[in-house]
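Contents: one structure, followed by commentary.
Atoms within each ligand, like the ligands themselves, are counted from 1 in listed order. Nothing here was measured: the structure is a model prediction, and the numbers come from that model.
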Amino acid sequence: MTPFTSFRPLVKTGFLWWLLVVSLLLISLLFWAFSGGQQVPWLLLIGVCTIFILASTLGYFLYQGQMNRLQQQLQQLQELGDATSELLALPAKCESESSFLNAFLSKAVALVEGAEMGSVIVIQGPDRKLHFAAAYGQELKQLQQLNMLLPQTFQYRLTGGRCDRVIIINDTDNTDDQIARQLFGGQLIRATLSSPIYVEGKLYGLLNLDSTEPDCFNDYDSTVIDILSKEAANAVALYQKSQQIHQLSCYDQLTGLANRSYFDQQASQWPLRQQLQSYLILLDIDELKRINEEQGHDHGDEVLRQLANILRQKWPAKALMCRLNGDKFAILSYGEHTQLSEWLQQIRNDYAMQQPGINFSCATVPFNGNVAESIDLAARVIDKHRQ
Ligand SMILES: Nc1nc2c(ncn2[C@@H]2O[C@H](COP(=O)(O)OP(=O)(O)OP(=O)(O)O)[C@@H](O)[C@H]2O)c(=O)[nH]1
């Protein structure tokens, strides 16, 4: 981040003083010249000089005020530039979408001078329900109790349902909007700003900034938040893409369980315990080929999905699970051998209730850190049982 170097005005103050002195001398010279070197009208000269000095001083202060405002805006612009580049780096650092939204919200509150608090609302489902995903200076749980739909927001109403621009309400006394008038620590929100966030052309959510003081947001804040919301949208899209890539590369699309390579990766970090043996359990659905042929591939898919669901929902201990390939699943779990057998029997019973007549073969072998070895051993045990 480059530190902001103080704004250098075009004209130095010393030069302005010289300009004033020279102008006064010129005025005096003109008076002297017009009086033809005779009696100089001193009173008139002093009056003119005084007016000139007052006008110059006023001009100077107006100029300074403008320079200060410009300096402030430049500083804000630089902060905005820093914030936007930080935003794009955030998805890689944040563990979840909600932690990203919280970080984004903090930046927005810090950038807009009048903002004391704020929230990020994500629009959910076809009925466009409002879900408060992040809050700053307000109780998130309390906000999440507000049961509202998008059409009830002032953003929606004041844009005629288009939600296409930043909306500022600088005095909430003039609105009956529930969100706009929330209580904050016993105080009423008096000014509020709402910006839509579009991710890949679809309304993703709203960024709201609030203050207990009226008239504290201006057009400049609106521009800053508009830019920031667009950058946040890019960052959200980036985050969602990276999640999709993770999902596609690590999980089996049919069952939602981990795939073999992600399972291998996680199993390599599985903590082996001295007091409690770890076991690898291999499950292989019987005669899936025949099921596919007789009842169709879709039914075969359902058979696979249901076993995965039962394993995920019913396995009673901490475990890693995956669909190894085709009709084979693996579980890495702690437990006593007899206990694991009981759990497997329970899974078998539950599965038989959902898929009558369909069974699976399984083998439980000790796991000592080498996944491939344990899987080979378990596969040999299953083959032996089937012969
Ligand atoms: N429906 C469906 N079938 C699959 C999928 N992946 C693999 N299969 C089928 O699963 C069958 C597995 O064949 P085999 O390894 O001989 O297993 P099996 O027919 O269950 O025979 P056993 O395991 O010896 O009882 C093959 O016919 C594959 O086409 C899938 O994603 N969906």
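- A ring pair (Phe, Tyr, Trp, His ring centres under 6.0 Å) check over residues 189-221, counting only residues at least two apart or in different chains, returns nothing.
- With F329 as the fixed residue, the side chain to side chain contact (heavy atoms under 4.5 Å, CB included) test singles out one of D252, D284, I285, L324: I285.
- By the 4.5 Å heavy-atom criterion applied to side chains, P196 and L203 are counted as neighbours.
- Nearest protein neighbour of atom 25 (O) of ligand 1, counting heavy atoms only, is E287 N, 2.8 Å.
- With a heavy-atom cut-off of 4.0 Å, V303 does not touch ligand 1 at all.
- Not one N or O of G326 is nearer than 3.5 Å to an N or O of ligand 1, by distance alone.
- Counted by atom type alone, Q345 and N349 present one or more donor-acceptor pairs between their side chains at under 3.5 Å.
- For atom 6 (N) of ligand 1, the nearest protein heavy atom (residue, atom name, distance) is R323 NH2, 3.4 Å.
- In terms of protein heavy-atom proximity, atom 17 (O) of ligand 1 is nearest to D327 OD2, 3.1 Å.
- Shortest contact from atom 10 (O) of ligand 1 to any protein heavy atom: L288 CD2, 3.3 Å.
- The pair R260-D264 meets the salt-bridge criterion, with a side-chain N (NZ, NE, NH1 or NH2) lying under 4.0 Å from an Asp/Glu carboxylate O.
- Remark: side-chain polar atoms of Q138 are paired, donor with acceptor, to backbone N or O of G118 under 3.5 angstrom.
- Residue pairs that meet the ring pair (Phe, Tyr, Trp, His ring centres under 6.0 Å) test with at least one member in residues 74-131, sequence neighbours left out, do not exist here.
- Interface atoms of ligand 1 facing D286, defined by a heavy-atom separation under 4.0 Å, are 20 (O), 25 (O).
- Both the backbone and the side chain of D301 come within 4.0 Å of ligand 1, judged by heavy-atom distances.
- Residue L304 approaches ligand 1 through these ligand atoms, each under 4.0 Å from one of its heavy atoms: 2 (C), 5 (C), 30 (C), 31 (O), 32 (N).
- With ligand atoms numbered from 1 in the order given, ligand 1 contributes 1 (N), 2 (C), 3 (N), 4 (C), 9 (C) to contacts under 4.0 Å with heavy atoms of N292.
- For atom 22 (P) of ligand 1, the closest heavy atom belonging to the protein is R386 NH1, 3.6 Å.
- Proximity to D284 (heavy-atom distance under 4.0 Å) selects the following atoms of ligand 1: 23 (O).
- Remark: ligand 1 atoms within the under-4.0 Å shell around heavy atoms of G300 are 1 (N).
- For the residue pair T84 / E231, no side-chain donor-acceptor distance below 3.5 Å is found, with atom types taken as modelled.
- Below 30°, between 30° and 60°, or above 60°: for W343 and W315 the angle between ring planes is above 60°, a perpendicular geometry.
- Taking atom 16 (O) of ligand 1 as the reference point, the nearest protein heavy-atom neighbour is K289 CD, 4.2 Å.
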